[in-house]
Undergrad: 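Dropping a structure here in structure tokens format, bear with me for questions.
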Amino acid sequence: MSAYDARYNASAIETKWQAAWEKAGTFKASRSGDKPKYYVLEMFPYPSGRIHMGHVRNYTMGDVVARHKMATGHNVLHPMGWDAFGMPAENAAMASGIHPQTSTHQQIAAMKEQMKPLGWSLDWSREFATCDPEYYGQQQAMFIDFMDKGLVYRKNAVVNWDPVDMTVLANEQVIDGKGWRSGAQVERRELTQWFFKISDYSEELLAAIDGLDNWPAKVKLMQANWIGKSRGIEIPFQLTAPVGDIADIACYSTRPDTMRGASFVAISSDHPVAKALEAENPDVAAFCASCRKMATNEEAMEKAEKLGFDTGLSVAHPTEPGATLPVWIGNFVLMDYGTGAVFGCPAHDQRDLDFARKYKLPVRNAFYMPGEAVEVGNDALVPAKTETIEFIDHFAGIGAVTSQEAIDTTIDWFEAKDLGTGMVKYRLRDWGLSRQRYWGCPIPVVHCDACGVVPEKKENLPVKLPFDVTFDQPGNPLDRHPTWRDVDCPACGKPAQRETDTMDTFVDSSWYFARFTAPNAATPTNMADAEYWMNVDQYIGGVEHAILHLLYSRFFARAMNICGHLPDSAVEPFDALFTQGMVTHEIYQTRDENERPIYHLPEDVADGKLTATGEAVEIIPSAKMSKSKKNVVDPVHIIKQYGADAARWFVLSDSPPERDVEWTASGAEAAHKHLNRVWLLCDRIAKMPDDAGGDDADLTRAMHKAVQEVTLNIETFAFNKAIANLYEFTGILGKSKASGAAQKLAIRTLAQLMSPYTPHLSEDIWAHQGGTGLIANAPWPVADETLLVQDTVTLPIQINGKRRSEITVPRDMPKEQVEKLALATDAVIRALEGGAPKKIIVVPGRIVNVVL
RNA sequence: GCCCGCGUGGUGGAAUGGUAGACACAAGGGACUUAAAAUCCCUCGGCUGAAAGGCCGUGCCGGUUCGAGUCCGGCCGCGGGCACCA
């Protein structure tokens, strides 16, 4: 049994070193010292009560960065907190009766207990939850500041309304157009809601994307597309007969060049003309009502069958004297974008074509040349994005140009004829932050009959959520609270009522990164701390946040700057961003007597069978881990079985961090085995006399190569490649015949290189090998590049681009000589058959290609 | 539907436009062992060949290039987002 005793005991080692870090305050950040600061942040978790592999992966990545930066002489801030408001706690309260505040705090405690054993280098002294009144009170103070600066306003907006539960539903709670709880057909309803004027910053948020050099290109592109800047023209189409006092319908278009192909005008069911008609025409009213049955999300609207209603109205065609176009109400026209009206050009737009076919509207070629037919046959869709638009010549009397120029020129032409107004529009809409829910940050305003909407006085903040609420019925408990709403008007002192809407949880997560710089400040931030710690040097989180969370945070940083809560230098709060992939797992299911699926946890399945009953399970390909599909692996089991270091090592090995990774139990076991090997190797090397063994050159070169590669791969977020480098170096060290002294240096270096991944094991090896102090505080090794240069290189020889042979030559051999040697190889001689090559390409140090 | 990604052995993946499959996992074979576990060693894209080698091969079709997994165009499949999930 002695072999067993020699195995490394992860849990003992991990507990020991966590206690040592705690005692030394190794990860407590303070604004002092002469080291450069480095702020690394992972997106904080929603306290669901259990950590999952995605958290382990995300926070381990951040930890690798944090520990590496610490070792390279930075003063590191690496905080953690809780995105604690949100629907799940409120839903749970309705189901179980447990108050959200109670359950949230329990879940935070439970998650923290699971996170601590992973040994992340977090400064827990800065921890807060967004549901702490100290946090959301500061958020309320900022809301009032934003009001002062004109960044907040109220307007009507549509919500999903459940007519049975009499409550507003989140998009997630609408399933196939029905309320998830009641099953009732969901309706759209207009409510007066609070908005942030993020659209004032459309241009700035777009322009500043260019400066985000260390953000993934795809995220920048998604944000730019989301903001959606377009140059177009607003053209008033004159009604042939006015509707009330409305004389025209303005259409915004980015493709005025297709005007000659227009065959109808479509307006939103919420357009003033539609509303005017609705009042007098029950058929219009019925159609508009059906449009309002649709869910509010863009996806549902775009995918829904395109329906129209002919109003019988018509408008004059702007460029074809005497011609008119019919006006339809279309369920696909958004009132929120542009003017709520579009002209349809079926020949050049697939959606318009579908609509025209359905309702037998003409399909006219906008780009017809003299002598060509105007009407387009049934299947003659002309591509919408015509590159060369010669029609311009015919249409506007100007030369042929490329597409965007053609459009710009057309806009100028329309403007010159006074037919419309060129303008830039953005797709980005203002941020509706009102939520008709309890478990969120109360909006700190009061409604007074005399004074209107009045912000709460700052000295009365925080406006705390009342604890004595019930969840026995749907809707917002704040609305039915007997006394909480009653308050004196902050302006006139007369009895008034509190706002009962709370804030979108995206508000909470739009500035927590700033709060971490001074979590106890009596103001939202402390300027000295914000100036020192901001920006976040490295932000890490799921790519699912690529648009909303990151865009809102960018807006918030600007708004906070205007209100004096962040310095000018922090308007772009995240210097570098890394978006990680998801952790996935196979799904195991059996079926009940009604063929409905029953899902099973991976821990209950072995060899395709349920361990309990032996029943075979269906295996569904890997998908994002989700509780509902039960394809979740609880990291706690893995950590107990293999140790935190093995879990950390495994989640970062194999898969590149930006890509999804499939969880396999064997992978975690393999990680554990490898760490055990390293531990045994350390033990063996420690027992070697320094002068035992021989030549050190190969080991030394391998060590410096490992230092160079691992460092580069950590710095570029290629954590999987760094692990491959470490495997390789460990293999070389394990077989090395170098001196004891060289091997001891090598294993200490290996421990250092591994320390961001496996900090506990590394500390243990460090101590075992006589390292000074904690490895967490030891300076990162530096590669001696002069040792890495090889004297000779092996060049592949290609014949017509296919590898056929290779030659080994001195690194700096001149091209001509390499060429000569290549031509002398058997493979080339054989291929040439006595003839001469057409061409020889020699890329020094790389390759030789002989072209026949 | 729209926007953005991704697609390489049995599996995860590696590859500044320059030797496709590094490094691992799984599998198979072997050593050690009474045996098993653990550990160590070997093989491991396909076809072909005694071997040397040859041919094919990075989702599909085409293009650029001396040379394409990598760049361009068009498809197919999968994933993320679509403004009240976080």
Side-chain angles (χ1 to χ4, degrees), chain A residues 3-4 7 43 45-46 48 83 85-88 157 159-160 168-174 193 198 216-226 228 296-304 306 332 336 350-351 427-437 504-506 508-509 542-549 551-552 579 581-582 584 621 623-624 653-656 658-662 664 666-667 669-671 673-674 676-677 680 718 720-721 723-728 731 794-798 800-806 827 837-841 843 845-852:
Chain A
Y4 185 76
R7 291 180 71 182
M43 292 179 186
Y46 175 80
S48 60
D83 188 15
F85 277 134
M87 282 203 313
V159 293
N160 300 307
V168 176
L169 299 179
N171 285 334
E172 185 184 61
Q173 298 171 312
V174 180
Q193 307 211 64
I198 189 173
K218 65 170 174 176
V219 173
K220 293 197 279 184
L221 195 53
M222 280 192 264
Q223 291 224 348
N225 289 338
W226 186 261
T296 55
N297 60 320
E298 196 175 313
E299 183 189 1
M301 295 191 64
E302 288 288 335
K303 280 186 177 167
K306 308 296 176 283
F332 53 90
D336 285 336
Q350 188 62 48
R351 187 191 64 192
R427 205 184 72 101
L428 181 64
R429 304 202 293 260
D430 277 332
W431 173 7
L433 67 115
S434 291
R435 297 293 180 269
Q436 295 70 40
R437 278 185 252 287
D504 178 7
T505 56
F506 272 123
D508 312 336
S509 57
V543 69
E544 66 272 19
H545 294 294
I547 297 173
L548 291 178
H549 162 61
L551 193 62
Y552 289 156
T579 52
M582 297 176 305
T584 65
K624 178 178 177 170
S653 59
D654 295 347
S655 260
E658 68 277 11
R659 227 191 278 183
D660 294 350
V661 62
E662 177 160 18
T664 57
S666 58
E669 195 186 337
K673 281 185 190 171
H674 175 73
N676 188 36
R677 273 194 292 273
L680 290 171
N720 55 321
K721 286 190 252 170
I723 285 183
N725 303 145
L726 290 167
Y727 268 115
E728 208 165 359
T794 300
L795 297 181
I797 295 175
Q798 295 184 335
N800 286 339
K802 294 204 180 275
R803 184 187 173 281
R804 284 293 178 269
S805 183
E806 61 181 37
K838 213 179 269 171
K839 200 173 178 184
I840 302 176
I841 287 125
V843 184
R846 272 282 169 208
I847 205 160
V848 179
N849 191 10
V850 180
V851 185
L852 302 182

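When reading the values below, keep in mind they use all heavy atoms of this one structure, side chains included, and skip hydrogens, waters and symmetry mates. Below, chain A is the first sequence line, B the second, and so on; all start at residue 1.
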Undergrad: Given atom NZ of A/K673 and atom C1' of B/C40, what is their separation to the nearest angstrom?
TA: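 The distance from NZ of A/K673 to C1' of B/C40 comes to 13 Å, rounded to the nearest Å.
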Undergrad: Identify whether the glycosidic angle of B/G9 places it syn (within 90° of 0) or anti.
TA: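 Classified syn.
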Undergrad: How is A/W431 classified with respect to the nucleic acid when contacts are heavy atoms under 4.0 Å: base, sugar-phosphate, or nothing?
TA: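 Contact class for A/W431: none.
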Undergrad: What is the distance, to the nearest angstrom, from the CZ atom on A/F332 to the P atom on B/C82?
TA: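 So the CZ-P distance, A/F332 to B/C82, works out to 24 Å.
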Undergrad: Do the side-chain N or O atoms of A/S655 get closer than 4.0 angstrom to the phosphate oxygens (OP1, OP2) of B/G13?
TA: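 The answer is yes; a side-chain N or O of A/S655 sits under 4.0 Å from OP1 or OP2.
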Undergrad: With rounding to the closest Å, how many angstrom separate the C1' atoms on B/A68 and B/G62?
TA: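 It comes out at 14 Å once rounded to the nearest Å.
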Undergrad: Could you state the CG-C1' distance from A/N676 to B/C40, rounded to the nearest angstrom?
TA: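 After rounding, the reported distance stands at 14 Å.
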Undergrad: Taking only N and O in the side chain of A/R429, is any of them less than 4.0 Å away from OP1 or OP2 of B/C82?
TA: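 Result: no.
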Undergrad: Does a distance-only test, which skips hydrogens and angles, find a donor-acceptor pair under 3.5 Å between the side chain of A/N849 and the base of B/C66?
TA: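 Indeed, a donor on one side and an acceptor on the other fall under 3.5 Å apart.
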Undergrad: Would you please confirm or rule out a distance under 4.0 Å between OP1 or OP2 of B/A24 and any side-chain N or O of A/S653?
TA: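 False: A/S653 side-chain N/O out of range (4.0 Å or more) of B/A24 OP1/OP2.
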Undergrad: Identify whether the distance between the nearest side-chain nitrogen and carboxylate oxygen of A/K218 and A/E658 falls below 4.0 Å.
TA: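 A salt bridge is absent here (no side-chain N lies under 4.0 Å from a carboxylate O).
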Undergrad: Tell me what A/K838 touches on the nucleic acid: a base, only sugar-phosphate, or nothing, going by heavy atoms under 4.0 Å.
TA: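 No contact.
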Undergrad: Does A/K839 place a side-chain N or O at less than 4.0 Å from the phosphate oxygens OP1/OP2 of B/G67?
TA: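 For B/G67, neither OP1 nor OP2 has a side-chain N or O of A/K839 closer than 4.0 Å.
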Undergrad: Please determine whether a side-chain nitrogen or oxygen atom of A/R846 lies at a distance below 4.0 Å from atom OP1 or OP2 of B/G67.
TA: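 So the side chain of A/R846 is outside the cut-off, no N or O lying under 4.0 Å from OP1 or OP2 of B/G67.
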Undergrad: What is the base-pairing partner of B/C66, counting Watson-Crick and G-U wobble geometry with both distances under 3.5 Å?
TA: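 Result: B/G18.
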Undergrad: Rounded to whole angstrom, note down the C1' distance from B/G28 over to B/C44.
TA: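 My reading of the C1' atoms in B/G28 and B/C44 gives 8 Å.
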Undergrad: Output the rounded distance in Å from CZ (A/R427) to P (B/C4).
TA: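 In whole Å, B/C4 P and A/R427 CZ are 11 Å from each other.
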Undergrad: Kindly indicate whether the side chain of A/Q193 and the base of B/C84 share any N or O donor-acceptor pair separated by less than 3.5 Å?
TA: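 Flag set: donor-acceptor pair detected.
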Undergrad: Please confirm whether the shortest side-chain N or O distance from A/R659 to OP1 or OP2 of B/A14 is below 4.0 Å.
TA: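 Yes, within the criterion.
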Undergrad: Tell me which nucleotide, if any, is Watson-Crick or G-U wobble paired with B/G7 when both distances must be under 3.5 Å.
TA: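 Across any shown strand, B/G7 pairs with B/C76.
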Undergrad: Just to be sure I understand the rule, does A/K218 reach a base, reach only the sugar-phosphate, or reach nothing, if contact means heavy atoms closer than 4.0 Å?
TA: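 Since only primed, P, OP1 and OP2 atoms lie under 4.0 Å of A/K218, the category is sugar-phosphate.
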Undergrad: Work out how far the C1' atom of B/A20 is from that of B/G7, and round it to whole angstrom.
TA: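 Straight-line distance between the two C1' atoms is 16 Å.
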Undergrad: Can you tell me the distance, in whole Å, between the NE2 atom of A/H549 and the P atom of B/C84?
TA: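 Distance, rounded to whole Å: 16 Å.
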Undergrad: Classify the side chain of A/R804 versus the base of B/U19 as yes if they form a donor-acceptor pair under 3.5 Å and no if they do not.
TA: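 Such a pair does not exist between side chain and base.
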Undergrad: For a quick test of reading the model: is some side-chain N or O of A/N225 closer than 4.0 Å to OP1 or OP2 of B/C2?
TA: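 No.
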Undergrad: For the side chain of A/E728, starting at C-beta, report the closest nucleotide among B/A15, B/C23, B/C25.
TA: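 Selected nucleotide (nearest to the side chain): B/C23.
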Undergrad: B/U19 C1' sits how many Å from A/Q798 CD, rounded?
TA: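 Interatomic distance, CD of A/Q798 to C1' of B/U19: 8 Å.
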Undergrad: Side chain of A/Y727 only, heavy atoms from C-beta on: which candidate in B/A24, B/G13, B/C66 is closest?
TA: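 Within the option list, the nearest is B/A24.
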Undergrad: When you compare B/A24 with B/U8, how far apart are their C1' atoms, in angstrom units rounded to a whole number?
TA: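 Roughly 16 Å separates the two C1' atoms.
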Undergrad: Need one value for A/S509: base, sugar-phosphate or nothing, where a base atom within 4.0 Å counts as base even if backbone is also close, heavy atoms only.
TA: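 Counting heavy atoms under 4.0 Å across all strands, no contact is made by A/S509.
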Undergrad: Which is true for A/L428 with a 4.0 Å heavy-atom rule: it touches a base, it touches only sugar-phosphate, or it touches nothing?
TA: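 Base contact - A/L428 has a heavy atom under 4.0 Å of at least one base atom.
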Undergrad: Answer yes or no: side-chain N or O of A/Q173 and base N or O of B/C85 forming a donor-acceptor pair under 3.5 Å.
TA: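 There is none.
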Undergrad: Roughly how many Å apart are B/G73 and B/C25, using the C1' atom of each and rounding to a whole number?
TA: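 Here B/C25 and B/G73 have their C1' atoms 38 Å from each other.
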Undergrad: Taking OP1 and OP2 of B/A83, is either one under 4.0 Å from a side-chain nitrogen or oxygen of A/N171?
TA: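 Indeed, a polar side-chain atom of A/N171 lies that close.
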Undergrad: Do the side chains of A/T505 and A/Y46 get nearer than 4.5 Å, heavy atoms only?
TA: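 Side chain of A/Y46 against side chain of A/T505, heavy atoms only: no contact under 4.5 Å found.
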Undergrad: Answer yes or no: side-chain N or O of A/E299 and base N or O of B/C82 forming a donor-acceptor pair under 3.5 Å.
TA: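 Checked by distance alone, the answer is yes.
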Undergrad: Using a 4.0 Å heavy-atom cut-off across all strands, classify A/V159 as base, sugar-phosphate, or nothing.
TA: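 Base: the residue A/V159, judged by heavy atoms under 4.0 Å, touches a nucleobase.
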Undergrad: Under 4.0 Å between a side-chain N/O of A/R437 and OP1 or OP2 of B/C84, yes or no?
TA: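 For A/R437, the contact criterion (side-chain N or O under 4.0 Å from OP1 or OP2 of B/C84) is not met.
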Undergrad: Rounding to an integer number of angstrom, what distance separates B/A86 and B/G79 when you compare their P atoms?
TA: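 So the two P atoms sit 23 Å from each other.
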Undergrad: Counting N and O atoms only, with roles assigned by atom type, does the side chain of A/R427 sit under 3.5 Å from a partner on the main chain of A/W226, one being a donor and the other an acceptor?
TA: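 Pair found, side chain donor or acceptor close to backbone of A/W226.
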Undergrad: By nearest atom, which of the nucleotides B/C85, B/G5, B/C84 is closest to the A/L221 side chain?
TA: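 Nucleotide nearest to A/L221's side chain: B/G5.
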Undergrad: Could you tell me how far B/G17 sits from B/C4 if I compare only their C1' atoms? Round to whole Å.
TA: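 So the two C1' atoms sit 25 Å from each other.
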Undergrad: Measure the acute angle between the ring planes of A/H549 and A/F506, then classify it against the limits of 30° and 60° as parallel, tilted or perpendicular.
TA: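 Rings of A/H549 and A/F506: parallel, under 30°.
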